[in-house]
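Below, read A as the first sequence line, B as the second, and so on, with proteins coming before strands; counting in each chain starts at 1. A quick note: this is a predicted structure, and the numbers were derived from the prediction, not measured.
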Amino acid sequence: MNRKKGDKGFESPRPYKLTHQVVCINNINFQRKSVVGYVELTIFPTVANLNRIKLNSKQCRIYRVRVNDLEAAFIYNDPTLEVCHHESKQNLNYFSNAYAAAVSAVDPDAGNGELCIKVPSELWKHVDELKVLKVHINFSLDQPKGGLHFVVPNMEGSMAERGAHVFSCGYQNSTRFWFPCVDSYSELCTWKLEYTVDAAMVAVSNGDLVETVYTHDMRKKTFHYMLTIPTAASNISLAIGPFEILVDPYMHEVTHFCLPQLLPLLKHTTSYLHEVFEFYEEILTCRYPYSCFKTVFIDEAYVEVAAYASMSIFSTNLLHSAMIIDETPLTRRCLAQALAQQFFGCFISRMSWSDEWVLKGISGYIYGLWMKKTFGVNEYRHWIKQELDQIVAYELKTGGVLLHPIFGGGKEKDNPASHLHFSIKHPHTLSWEYYTMFQCKAHLVMRLIENRISMEFMLQVFNKLLSLASTASSQKFQSHMWSQMLVSTSGFLKSISNVSGKDIQPLIKQWVDQSGVVKFYGSFAFNRKRNVLELEIKQDYTSPGTQKYVGPLKVTVQELDGSFNHTLQIEENSLKHDIPCHSKSRRNKKKKIPLMNGEEVDMDLSAMDADSPLLWIRIDPDMSVLRKVEFEQSDFMWQYQLRYERDVVAQEEAILALEKFPTPASRLALTDILEQEQCFYRVRMLACFCLAKIANSMVSTWTGPPAMKSLFTRMFCCKTCPNIVKTNNFMNFQSYFLQKTMPVAMALLRDVHNLCPKEVLMFILDLIKYNDNRKNKFSDNYYRAELIDALANSVTPAVSVNNEVRTLDNLNPDVRLILEEITRFLNMEKLLPSYRHTITVSCLKAIRVLQKNGHVPSDPALFKSYAEYGHFVDVRIAALEAVVDYTKVDRSYEELQWLLTMVQNDPVPYIRHKILDMLTKNPPFTKNMESPLCNEALVDQLWKLMNSGTSHDWRLRCGAVDLYFTLFGLSRPSCLPLPELGLVLNLKEKKAVLNPTIIPESVANNQEPVNSTNNHGQSVGFQNTFSNSQEEEEIDMDTVHDSQAFIYHHLNMLERPSTPGKEQSSGEMNMHPVLAAPLSVFTKESNSSKHSDHHHHHHHEHKKKKKKHKHKHKHKHKHDNKEKEKDPFAFSNSPASARSIRSPSLSD
Amino acid sequence: GSKHATTPADNYYLARRRTLQVVVSSLLTEAGFESAEKAAVETLTEMLQSYISEIGRSAKSYCEHTARTQPTLSDIVVTLVEMGFNVETLPAYAKRSQRMVITAPPVTNQPVTPKALTAGQNKPHPSHIPGHFPEFPDPHTYIKTPTYREPVSDYQVLREKAASQRRDVERALTRFMAKTGETQSLFKDDVSTFPLIAARPFTVPYLTALLPSELEMQQMEETDSSEQDDQTDTENLPLHMSTDDSGPEKENASVLQQNSSLSGSRNGEENVIDNPYLRPVKKPKIRRKK
């Protein structure tokens, strides 16, 4: 939260401290997918008169709660189950606010929870003495939809024989889905975990396995785990299954688990892990904090990598044999990521959600260091550039990613993320894509900090954080010390300033406290007379997602006499910068030219401008600003940059720039790079695609064989018979990647008729024909898959005469050849499946391309069969992608329905998430588009999906919100029928206004018209109670209120006055006893009136919520009185007037 | 006889038949007939031929019955007795005075029946095989003939052949699979030109997707020891993946050495890995509080 206040240390938002928790699961039934168990929390009240304890619990059935062995009353209410209770108001803006409110209402970091336990009155005295409470909760879970995922293959045999397993999963703090707890990253405690499972199964969980004991009937065994390092509930995890066990041969305290039959793959895959351990321990000069580490590889994973205290859960699809090249680096990266998060994320936890960026940043940053060491500087810089491009593109698209959101006390007006369609106040309301980008930005910003204070200091800071935490963690009985294990933004920054003595405040302000990236436009002129480079750097800081940059900017100028760095000071109004040049233009032709790295090379300088000594110029070469640079320099400069600059990022930039210069010189530069074996392989791969583009632009003047063909022949074909490719030998990985990529790029070549040249197609077909992997040590499945991709790339739209129906008879002969290959490949996959079915994936994609280009009748049936549950996940995703595309192109309502049904019913959470993701990225229509698909039923369906259908999975719900936003926008979907009263009178301004709920978004976003209708509401609302507009406003209050009402209710259900200790921190924590929760959403003035309004109007509608109403009755007058005193506007008590207060949904 | 050209075999049989006719005629003459109708002579000849044939057949049976291949006199005698012929009268009859001597039939070679597919000389029996055993079959049925044609060494032709062979096998196999099972098609009007084997879900999809196929396993074993390792490129690989086993193992070895040198006492433990998951499961205690 507020950084200055944070300096005092951690102030728990909860009125108690949890010190120890027991989780005991005595029965797990795979057949019924149910879990039975209990938890016991040891709690020390931190305030006297603690009369209720709020815990988190979702979808659990709670049977019994005892506090110190006394039966305790409890209430279980989860407002996130159904966010809005009224269905006619289908406006996303409104939903997002209601959803954020609902999440807040149960947010443990706001002291809330779904489960509210009343401390038995017998214990009040005990509590007042701040003595320990033991809360014992019996619970069960039946067919959990989230949090715990059961995989039970449908076949004969016992559960162990079938490979049935279960594991915990979720996005951010999701532990509440499988046992009652304080589901916060800031509440640390020690753990005792017990799982009784079938004797053939293994239960893997956090901490040390103390012992395994048979049950009395000897048919089951109980795994006893102890976790003595204080850990947040959110970092607790579980995996149970008939796992094969592999003790790491290098580190015996590390154990790996995989599903039956995969042990050989597990051995190979994990054989590398110890090196990652060594690396991190060395750079952090700190031992791995836990006494053991476990990796579990499971099927149907929620995410590829999930890190928990002392264990990580991976997707089984990361396992691979020694024959697989492409997966190896990817899997190793996943392992390294998981391990980095063990230190920062699991061992060191965060104080609040707004500190998340520190953890993600540090773990991402040290993972980057590992990348640099393992894959080399080139790969590292390439990765940084890639991440930078991604975050820049995302921020420019959506309007910004804010790392450290600060939420002032109740001031909703300065919502830091008003450009987004979701709240960034909670992790659970975040779009998945935003969260991914958030992590990406976090580690990039860490790198910026490193640039500023040096890596050495950076690592010292990390070491400091870790040693503080490990000291604290060893204080077994001083639980107040444990907050040292929580990192906060302020603590982190303080450490940095202590260690480095440097002020990084401007940097933090720019990149952490503010969202947006920088967009530079650069151009230059050389002034010969003054021998000066006149550089002009403009910024665009008005577009969404951009910000203004002020500060130093490094520019590197390569001149004839060498490379020179200049640091420019970017200021408000200075666009032009004069940079003196060091060399007189071309004095000595014979002289070698020194490069940045000290190397001296011969260059052919004939291409350059005779008057200028400039070879090339680079702006911000070290990527020390989160920026996009569009720089103008002549083609020969880009060519020199490509050929001679040694930085791979510069080379890649040059390649991209050369696309705009289709000249023989560019062609030559690219071909030379392609052939240079010292050149980084990714640069060479990129050059392939650029060369294809250039060749297409130069098609009329192109001479010689198609681009890359002779090169490929020289590199990969037999010397004696150049039309036949050598038998595969992938020992040299760079060559391998190049060999894979070149055909794919070549297939993009087009002749003057815009067709793929026959020669190229035949060439690719020959590659397929002569492909021979018999003598290869490695599998060629990725290579073959890319050859199919190449075939697909060669496809051009069919020439259709009079829209004839696509049949075999009019099939283009080239396409026939392609189809023949695809058919054979796809069929062979059934007999000899390839690793991860890469070939099937490519075939499906290629078939969709053929359909889309009109060669084959467009038909989703094939894809739908491959998308069924039971196919390998990659295949399903590829098939679903094709169906999504079909839905868009053919505007098929049926397929859209089929997809949405799958979103609701598919057993695999990842698939459900992915469908929504793909639909969002390739939507069947968008908000400003007319489409036959856009109808009321679809709105209802999607609304239901996000409102209540996805309550078991945060990620899925946010995915549904993203899709809804893409399809319908923020305001009321245009396809909904107009409300009965489309026009409302504004008496105050004396004019008619279009009902705000139906006006297009562009207007709705503007606050003015909204205000005016509100005014209208104040004056005439009562009479118009039944007008649509009014009704919707009314519902607004009502439903938002519902989530809030819960808190009211609990705050007041107890006879005792509420915890007063809170009031001191109320400004920050919103824990004012009466107004507490609404404060976070409503302004003070509005809430009480709304409250009473709600009560009056919906009494009859909400009979089942009698309790709440009772309480509201009780407090109504109190509020009203208060309000009358405070509120200068002093609305009448009529319900209509209350309605006039702007709903939170409109206030942003 | 016939007017047409006759085969040597026909001639042979005709000559024998004519001799029999002469015999019958002379016997008739001896019996006092002066003339006979041709049909009668034919019939008698037929009867005589049958009688003699029967003697031969029967004699062969007797001889084979006693495990011989050549009939002896006693075989003939037994036959004649069996056929109701008084053997004792035979010498007297043979020496009767009025008997007529007829010329022997012309010597014509037994017609050689053309053997089917004779190639080369049949091998004589080795010494340890008695002569009455059947002869060896024709050599071509058991002898392999080495060919001395130059093997195709042209690389291009070889690759071409290997490729088309594999392609043919694959196509035939997949077509067969497609014909015998369910298929999917890309064209509604045609299901046979590009038959796709229908997609069938697996109960455990990750197994087929992750585990190398047997073919690949075999390949891996084959190539593991092969020359490929020697070819390791001398160029530096910026991609430090070292997927090949030799790389990391070397590094690992050094790591292991380091470890062992660091903790000498650990060597002893190395045999017994102490890992909680490997420990035996305990028996339940009688009084475990639950």
Side-chain angles (χ1 to χ4, degrees), chain A residues 153-155 163 209 211-216 221 245 247 252 255 261-262 265 272 299 316-317 319 321-323 325 328-329 374-376 378 677 680 720-721 724 729 731-733 769-770 775 777 779 807-808 819 823-824 826-828 830 832-833 836-837 856-857 862 865-866 868 870-872, chain B residues 155-156 159 162-163 167 170-171 173-174 177-178 184 186-190 193-194 196-199 201-213 215-216 219-220 223 226 228 231-233 235 237-241 243-245 248 252 255 273-279 281-284:
Chain A
N154 182 17
M155 57 198 264
L209 176 63
E211 56 178 1
T212 319
V213 185
Y214 277 114
T215 53
H216 287 280
K221 46 190 185 183
I245 299 170
V247 177
H252 295 168
T255 320
Q261 299 184 52
L262 299 177
L265 302 186
Y272 171 77
D299 190 25
T316 194
N317 304 332
L319 295 175
S321 71
M323 297 171 68
I325 297 176
T328 307
T374 310
F375 298 117
N378 285 349
E677 284 181 3
F680 185 48
T720 51
C721 34
I724 295 179
N729 178 358
M731 290 300 287
N732 180 337
F733 296 139
K769 182 176 166 192
Y770 293 116
K775 294 224 168 69
K777 199 178 149 96
S779 168
T807 60
L808 253 183
L819 255 186
T823 310
R824 199 171 48 83
L826 195 54
N827 285 340
M828 278 308 286
K830 305 286 188 305
L832 284 175
R836 290 191 80 153
H837 298 328
V856 170
L862 179 78
S865 74
Y866 278 95
E868 290 297 335
H871 286 283
F872 186 66
Chain B
Y155 185 77
Q156 186 171 352
R159 288 292 301 276
R167 175 172 291 247
E170 285 183 4
R171 187 169 311 168
L173 188 59
T174 52
M177 295 297 290
Q184 288 162 322
L186 297 174
F187 295 90
K188 288 209 173 71
D189 58 331
D190 184 296
T193 314
F194 298 110
L196 297 174
I197 302 175
F202 305 92
T203 38
V204 185
Y206 59 85
L207 284 182
T208 48
L210 300 180
L211 286 173
S213 66
L215 188 79
E216 284 177 310
Q219 209 174 302
M220 196 153 50
T223 51
S226 78
Q228 285 216 342
Q231 297 181 0
T232 315
D233 285 273
E235 307 154 31
L237 310 176
L239 196 70
H240 288 277
M241 294 200 321
T243 319
D244 56 319
D245 291 347
N252 295 343
V255 170
I273 298 173
D274 183 39
N275 182 291
Y277 294 94
L278 301 183
R279 283 178 211 145
V281 182
K282 290 182 185 166
K283 294 274 154 59

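Between His871(A) and Phe202(B), the two ring planes are perpendicular [angle over 60°; tilted spans 30° to 60°].
Across Leu196(B), Val281(B), Leu211(B), the residue that shares the most heavy-atom pairs under 4.5 angstrom with chain A is Val281(B). Taking Asn154(A), Leu319(A), Leu862(A) one by one and counting their heavy-atom pairs under 4.5 Å with chain B, the maximum is reached by Leu862(A). Annotation: maximal heavy-atom pairing with chain B below 4.5 Å, among Thr720(A), Thr255(A), Ile245(A), occurs at Thr255(A). Most heavy-atom pairs under 4.5 Å with chain A: of the set Lys283(B), Arg279(B), Arg159(B), Gln156(B), this distinction falls to Arg159(B). Among the candidates Val856(A), Leu826(A), Ile724(A), the residue making the largest number of heavy-atom pairs closer than 4.5 Å to chain B is Ile724(A). Contact tally against chain A (heavy-atom pairs below 4.5 Å) for Asn275(B), Leu278(B), Thr203(B): the top residue is Asn275(B). Listed options Ala199(B), Ala198(B), Ala163(B), Ala178(B) were ranked by heavy-atom pairs under 4.5 angstrom with chain A; first place goes to Ala199(B).
Within the 4.5 angstrom heavy-atom criterion, only side-chain atoms of Leu832(A), from C-beta onward, approach chain B. In this structure, the portions of Lys769(A) lying under 4.5 Å from any heavy atom of chain B include both its backbone and its side chain. Thr208(B) touches chain A through backbone and side chain together, each having a heavy atom under 4.5 Å away. Residue Thr316(A) touches chain B through both its backbone and its side chain, counting heavy-atom pairs closer than 4.5 Å. There is no contact between Glu868(A) and chain B, counting heavy-atom distances below 4.5 Å.
One distance of note links CG of Leu173(B) with CE of Met828(A); it measures 6.0 Å at 0.5 Å rounding. Note that CG of Asp274(B) is 10.0 Å distant from NE2 of His252(A), once rounded to the nearest 0.5 Å. Here the CG-CD distance, from Leu207(B) to Gln261(A), works out to 4.5 Å after rounding to the nearest 0.5 Å. Rounding to the nearest 0.5 angstrom, the gap separating the CG atom in Asn827(A) from the CZ atom in Arg171(B) is 11.5 Å. Taking CG of Leu819(A) as the start and CZ of Phe187(B) as the end, the distance is 5.5 Å to the nearest 0.5 Å.
Between the side chain of Arg824(A) and the main chain of Glu170(B), no donor-acceptor pair closer than 3.5 Å is present.
With contacts defined as side-chain heavy-atom distances shorter than 4.5 Å, the pair Arg836(A)/Leu210(B) qualifies. Tyr277(B) has its side chain out of reach of Val247(A): every pair of non-hydrogen atoms, C-beta onward, lies at least 4.5 Å apart. Side-chain atoms of Val204(B) and Met155(A), non-hydrogen and from C-beta on, do get closer than 4.5 Å to each other. The shortest side-chain heavy-atom distance between Thr212(A) and Pro276(B) does not fall under the 4.5 Å cut-off.
Pro857(A) and Leu186(B) get closest at one heavy-atom pair: CG-O, 3.4 Å. Taking every heavy atom of both residues into account, Thr215(A) and Pro284(B) meet most closely at O-CG, 3.6 Å.
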